[in-house]
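By convention in this document, chain letters (A, B, ...) are assigned in the order of the sequence lines, proteins followed by strands, and residues within each chain are numbered from 1.
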Number of protein chains: 2
Amino acid sequence: MPTIKDVATMTGVSIATVSRVLNNQGGYSEETREKIESAAREINYYRNKMAASLKKSSARIIGLIMPNAPTLFYGDIVEGIETVASRNNYSVIITHAGEDGTNLMDCVSLMAERRVEGLIIASISLDEAVENQIQNLAFPVVLVSTKSNSGIPYIKVDDQTAAYDATTYLIKHGHRAVAIAGPNMQDTIAGLPRVAGYRQAMLDHNLPVESEWIHSGTFSFESGIEAMHAFFRLVHRPDAVFAVSDDTALGIMNTAGDLGLRVPDDIAVIGYDNTRVAEMANPALTVVSQPFFQMGAKAVQKLTTAIDSGQVIESEILKHRIFERRSV
Amino acid sequence: MPTIKDVATMTGVSIATVSRVLNNQGGYSEETREKIESAAREINYYRNKMAASLKKSSARIIGLIMPNAPTLFYGDIVEGIETVASRNNYSVIITHAGEDGTNLMDCVSLMAERRVEGLIIASISLDEAVENQIQNLAFPVVLVSTKSNSGIPYIKVDDQTAAYDATTYLIKHGHRAVAIAGPNMQDTIAGLPRVAGYRQAMLDHNLPVESEWIHSGTFSFESGIEAMHAFFRLVHRPDAVFAVSDDTALGIMNTAGDLGLRVPDDIAVIGYDNTRVAEMANPALTVVSQPFFQMGAKAVQKLTTAIDSGQVIESEILKHRIFERRSV
DNA sequence: AGCATCAACGTAAACGTTTACGTTGATGGA
DNA sequence: TCCATCAACGTAAACGTTTACGTTGATGCT
């Protein structure tokens with residue numbers, strides 16, 4: 001590959017001068033700039049950012065670690081990140097941490113070795129080892145749609161009050177037997193808090209909650225199908241359900257239809273996330289939304305200002321919002 | 001940041017020895033290996049891949065350029081790429097090319113400057129300038145879900161026969177008035193060929209096609225809504241529609257329902273892509289599928305073998321497949 | 001004429017690795 | 001005892017930039 005040296009000898013100047021014009025730093029005549037630029041074009045020269053980064057010890061790269069399952073909001077969050085990253089002249093390098101973040105430590109190490117200047121970890125819960133590792137990193141880290149209990153800054157919505165608001169919304173619309181579908185009871189970030197919010201809402205409205213109304217599971221479509229079947233078999237059947245994801249909500253809605261129930265007349269359902277499927281569902285799905293694009297964008301903003309200023313990043317709770325559609 | 005030099009002086013050996021143990025190259029005693037490794041751990045040393053890449057002139061990075069709209073298959077294609085990339089010790093760096101690939105050239109230049117060893121461009125159609133630029137690149141490039149007419153290798157399904165098969169499928173199921181919704185008539189890659197396939201299928205079965213049955217548009221949900229309304233107003237109303245994307249198909253299905261038509265009884269619909277929404281639709285959407293994950297995976301495989309062997313990459317037509325569900 | 005100033009360059013060190021090549025001391029065999 | 005061999009290192013150059021510092025010649029001013 002051609003180097004700066006090649007274009008220097010071609011034009012009969014020093015490499016310093018070439019470097020100067022390539023970076024618009026001034027200190028050269030208009031004539032030589034033209035000579036250099038045309039020479040560079042001629043031999044198809046691309047500057048070597050690895051070398052430049054090494055010298056400047058700044059690679060202008062932001063790392064992104066994602067969970068392995070490409071959920072529907074995957075694209076939005078990446079897009080949010082990449083948009084403001086590239087606006088600030090950063091590139092983003094992406095890795096998957098394996099099923100439930102197994103090789104997260106390796107991913108973090110890789111990012112450190114690549115000398116990223118900031119790191120985003122999305123939707124993965126960290127164990128103690130990783131939290132320790134992150135504490136000792138030389139660059140800022142921010143969590144997105146997940147949190148930490150050891151001071152690593154995060155950006156997320158408040159799952160508990162979001163769940164509270166969702167079930168309250170159902171209650172306000174006249175439902176008294178509301179169920180929750182899909183929470184993972186091991187998940188202290190997106191599982192338990194949502195159940196807690198659900199419970200609290202029921203309690204605050206003096207509504208009893210039967211244990212069968214809490215149907216744990218995953219965020220998947222299938223999980224919704226399974227939950228709905230379980231609900232259907234109950235003597236005291238719920239008349240509304242709060243699903244932990246849009247996919248799960250769709251599972252609920254579809255099997256409700258299969259079982260002869262009409263949404264929202266016989267059973268109302270509210271989703272969680274507001275992914276693109278929500279508006280495409282039939283009936284369109286009412287949801288509490290997480291602003292994924294904005295989360296990604298905010299994360300990069302925080303990182304870049306932290307990089308520039310050296311200040312620590314503050315966590316931020318983004319506000320969720322209920323999008324009213326047709327499913328309740 | 002600590003360097004190899006720091007751990008060398010800490011342990012009283014030369015940087016060469018440190019480098020050797022860090023790369024398991026042999027030529028050192030077990031004792032010094034342990035000393036070096038513990039020293040490295042102690043000062044939180046991460047090797048600098050930028051420096052190593054510079055020296056070895058191999059960055060082990062694969063570039064990925066994506067369209068700006070985060071479609072539903074976005075995640076699958078990225079996941080396919082990243083999975084086999086990381087398996088081969090490559091990192092992937094991702095960029096968006098702006099609305100319909102406006103700054104594609106800049107993206108490609110950026111990739112070249114970052115010294116990626118292979119480049120994937122997904123779902124963006126290239127103009128002549130970019131094709132020229134790509135021809136002169138020093139590393140292999142492969143297109144995914146798009147194609148080129150100047151010899152740049154691509155991986156995609158055959159849009160025309162896929163469209164042919166989709167409409168034939170509808171015809172075989174007893175439909176005679178089948179329409180097509182959403183094709184972009186400017187799009188020579190995913191627009192025109194699909195219309196051609198549709199037309200050919202109709203022709204081969206001696207079915208007339210009315211001009212209003214071809215409702216051009218975009219790949220969006222809204223496009224489906226609009227198309228369905230248009231179809232509904234027709235005197236000779238279609239009894240089946242082939243939609244150019246799953247989103248569009250959903251738009252068709254939903255507004256069909258709103259207009260009092262039942263799917264598939266009054267109107268059948270077949271989608272295109274087989275994104276995650278297809279199985280979650282109600283009724284579940286019959287589609288012709290594009291194997292997005294596999295496309296990404298294949299792309300990286302081709303790149304890595306091209307990188308290792310220096311051979312040129314051959315284009316490949318992946319076979320589509322019809323997933324029968326409930327919408328026809 | 002003499003001097004300062006400045007535009008327009010050139011020189012060379014440095015960034016943190018990798019690696020070809022050289023060195024050393026111990027070991028074994030004849 | 002002498003030599004070859006080899007494990008276990010060390011030396012130093014190189015990768016392609018950036019940049020502090022130095023140089024040169026022209027220009028303007030007094």
Inset, instruction - Please check the phosphate of C:dG16 (OP1 and OP2 only) for any side-chain N or O of A:Ser57 closer than 4.0 Å. - result: no
Legend entry - N or O in side chain of A:Thr3 less than 4.0 angstrom from D:dG16 OP1/OP2: no
Inset, instruction - Check the side chains of A:Gln133 and A:Ser109 for a donor-acceptor pair under 3.5 angstrom, ignoring hydrogens and angles. - result: yes
Inset, instruction - Check whether any side-chain heavy atom of A:Arg33 lies under 4.5 Å from a side-chain heavy atom of A:Glu30, and answer yes or no. - result: yes
Inset, instruction - Could you state the atom-to-atom distance from CD of A:Gln25 to C1' of D:dT19 in whole Å? - result: 8 Å
Inset, instruction - Can you tell me the distance, in whole Å, between the CE atom of B:Met50 and the C1' atom of D:dG16? - result: 12 Å
Inset, instruction - Over 60° means perpendicular and under 30° means parallel, so classify the ring planes of A:Tyr74 and B:Tyr74, tilted if in between. - result: tilted
Legend entry - Contact under 4.0 Å: B:Thr17 side-chain N or O vs D:dG10 OP1/OP2: yes
Inset, instruction - Give the nucleotide from the list D:dT11, C:dT17, D:dT17 with an atom nearest to the side chain of B:Tyr45. - result: C:dT17
Inset, instruction - Grab the two heavy atoms, one from B:Ser86 and one from B:Thr83, that are nearest each other, plus how far apart they are. - result: OG-O, 3.3 Å
Legend entry - Within 6.0 angstrom of B:Glu316 CD, more than 12 heavy atoms from elsewhere: yes
Inset, instruction - Report which part of the nucleic acid B:Ser19 touches: base, sugar-phosphate, or nothing (heavy-atom distance under 4.0 Å, all strands). - result: base
Inset, instruction - Compare side-chain N and O positions of B:Tyr46 against OP1 and OP2 of C:dT17 and report whether any pair is under 4.0 Å apart. - result: no
Inset, instruction - Please determine if A:Arg60 forms a cation-pi arrangement with A:Tyr90, meaning its NZ or CZ atom is less than 6.0 Å from the six-membered ring centre and no more than 45° off the ring axis. - result: yes
Legend entry - Rounded distance (Å) that lies between atom C1' of C:dT18 and atom NZ of B:Lys5: 15 Å
Inset, instruction - Take the protein atom CD1 of A:Ile4 and the nucleotide atom P of D:dG16, then report the distance between them rounded to whole Å. - result: 11 Å
Legend entry - Which nucleotide in D:dA8, C:dG10, D:dC15 has an atom nearest any side-chain atom of B:Ser29: D:dA8
Legend entry - Proximal nucleotide (of D:dT11, D:dT17, C:dG16) relative to the A:Ala51 side chain: D:dT17
Legend entry - side-chain N/O B:Tyr28 vs D:dC6 OP1/OP2, d < 4.0 Å: no
Legend entry - Whole angstrom value for the distance that separates P of D:dC9 from CD of B:Glu31: 8 Å
Legend entry - Sugar-phosphate only, base, or nothing, as touched by B:Ser53 at under 4.0 Å among non-hydrogen atoms: nothing
Inset, instruction - Select from B:Asn48 and B:Arg20 the residue whose nearest nucleotide in DNA chain C is closer to the 5' end of that strand. - result: B:Asn48
Legend entry - Pair assignment for D:dT23, Watson-Crick or G-U wobble, requiring both distances under 3.5 Å: C:dA8
Legend entry - Nearest-angstrom distance from the residue atom NZ of B:Lys55 to C1' of D:dA12: 11 Å
Inset, instruction - Answer with base, sugar-phosphate or nothing: what part of the nucleic acid does B:Ala52 contact at a heavy-atom distance below 4.0 Å? - result: sugar-phosphate
Legend entry - For atom CG of B:Leu22 and atom C1' of C:dT17, their distance in whole Å: 10 Å
Inset, instruction - Round to a whole Å and report the spacing from CD1 of B:Ile43 to P of C:dG16. - result: 12 Å
